[in-house]
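All ligand and atom numbering here is 1-based and tracks the order in the structure. Every value quoted in this text rests on a predicted model; they were computed, and no experiment measured them. Excluded from the calculations below are hydrogen atoms, water molecules and symmetry mates; all remaining heavy atoms, backbone and side chain alike, are included. Numbering starts at 1 and runs along the sequence shown.
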Amino acid sequence: MIIWGRPNSINVKKVLWTAAELKLAFENKKAGGAYGGLDNPEFLALNPNGRVPVLQDENLALWESDAIVRYLASHYSNEDRPALYIKDAITQAKADQWMCWASTKLMPFFRDIMAHAVRLPQNERQPEVLAAATKGFGDAMKIANETLNNSKWIAGDHMSVGDINLGSFIYCWFEIPLDREPLPALEAYYQNLKNRPAYREHVMLPIT
Ligand SMILES: N[C@@H](CCC(=O)N[C@@H](CS)C(=O)NCC(=O)O)C(=O)O
């Protein structure tokens, strides 16, 4: 199994973390960002969008991080390998709901936070854009916090693909100095994630 992508991309992190939770053997081929290579014909044959991550698993080449995470979870989780394994359709639907929510609701705020708190040169950062994104992300975190008041994981008693997305986003939320309101259930959830070796190895990288 090959996972293409630079490890500091949030979408690549989701896939690497999932594969590690499932204890899969894989090679991470670095591509994108400073590694380049996304416009190589060999890479474009795998993903004509020229984006990472891409998963190669035997004859399958799959792009879109959420599709890859779902594929790994559904194909490789089972009772012998229980990480991310969910038996019932309703809990799986809840997990998918939170996965979509993180990708659609959090991503625009996340991009602005990364740009205006970390990546842009100081003289190009816009404090008002950062403030609006911090407020938007913080309001969304209140929704997650409400759910986590009543359950250990975002979709219930079991870790799921919903946690892969939410967990990947909240690392930067907690580790970049931002104006955050206290949200005890979310903070406890983050502490729990930090105890997972796969999360530490693949998500908790220097923020660049
Ligand atoms: N919706 C896609 C987004 C893919 C995407 O935009 N990937 C970014 C990294 S997060 C990328 O390839 N950027 C170009 C680069 O890294 O050079 C997914 O979830 O996989």
Side-chain angles (χ1 to χ4, degrees), residues 1-22 24 26-57 60-76 84 92 95-121 124-125 129-130 133 136-137 140 144 154-155 160-176 193 198-199 201-208:
M1 182 180 291
I2 298 172
I3 297 169
W4 292 81
R6 55 184 169 90
N8 69 339
S9 135
I10 184 155
N11 291 315
V12 176
K13 284 183 180 188
K14 293 190 281 187
V15 174
L16 294 172
W17 178 25
T18 301
E21 286 289 349
L22 292 166
L24 302 175
F26 64 87
E27 178 190 355
N28 175 212
K29 283 200 179 169
K30 310 287 189 294
Y35 299 97
L38 303 189
D39 50 5
N40 286 345
E42 181 203 1
F43 186 81
L44 288 171
L46 299 173
N47 182 0
N49 301 288
R51 287 285 179 272
V52 286
V54 174
L55 174 77
Q56 278 185 281
D57 188 19
L60 172 69
L62 191 63
W63 37 269
E64 281 298 330
S65 57
D66 290 353
I68 298 170
V69 169
R70 281 198 183 96
Y71 165 76
L72 293 176
S74 65
H75 194 60
Y76 289 108
L84 307 174
Q92 186 60 57
D96 288 339
Q97 164 198 284
W98 283 107
M99 181 179 225
C100 296
W101 176 82
S103 290
T104 54
K105 178 132 184 157
L106 301 184
M107 185 53 110
F109 300 132
F110 179 83
R111 276 208 192 101
D112 281 347
I113 289 171
M114 291 303 290
H116 293 275
V118 180
R119 288 182 175 155
L120 284 172
E124 290 175 32
R125 295 184 190 176
V129 175
L130 178 60
F137 203 105
I154 198 66
S160 73
V161 296
D163 298 294
I164 294 291
N165 272 14
L166 178 59
S168 299
F169 279 105
I170 65 172
Y171 167 59
C172 291
W173 172 248
F174 279 114
E175 300 304 332
I176 296 172
L193 289 175
Y199 185 77
E201 183 177 352
H202 293 292
V203 180
M204 301 186 71
L205 304 179
I207 298 172
T208 52

message: Test of understanding: with salt bridge (Lys or Arg N to Asp or Glu O under 4.0 Å), list the residues that count as partners of K14, not counting sequence neighbours.
response: D66
task: Could you tell me whether the side chain of R119 and the main chain of M114 form a donor-acceptor pair under 3.5 Å?
output: no
message: Angle between ring planes, H75 versus Y71, binned at 30° and 60°: parallel, tilted or perpendicular?
response: parallel
field: Set of residues satisfying side-chain contact (heavy atoms from CB on, under 4.5 Å) with respect to L24, sequence neighbours excluded
entry: M1, A19, L22, L72, Y76, R81
- prompt: Would a 4.5 Å heavy-atom cut-off, applied to side chains only, mark L55 and I2 as touching?
  reply: no
- line: Sorted by chain and residue number, the residues having a heavy atom closer than 4.0 Å to an atom of ligand 1 are R6, S9, N11, G32, G33, L38, R51, V52, P53, E64, S65
Show which side-chain atoms of residues 33-43 pair as donor or acceptor with protein atoms under 3.5 Å away, not counting sequence neighbours.
none

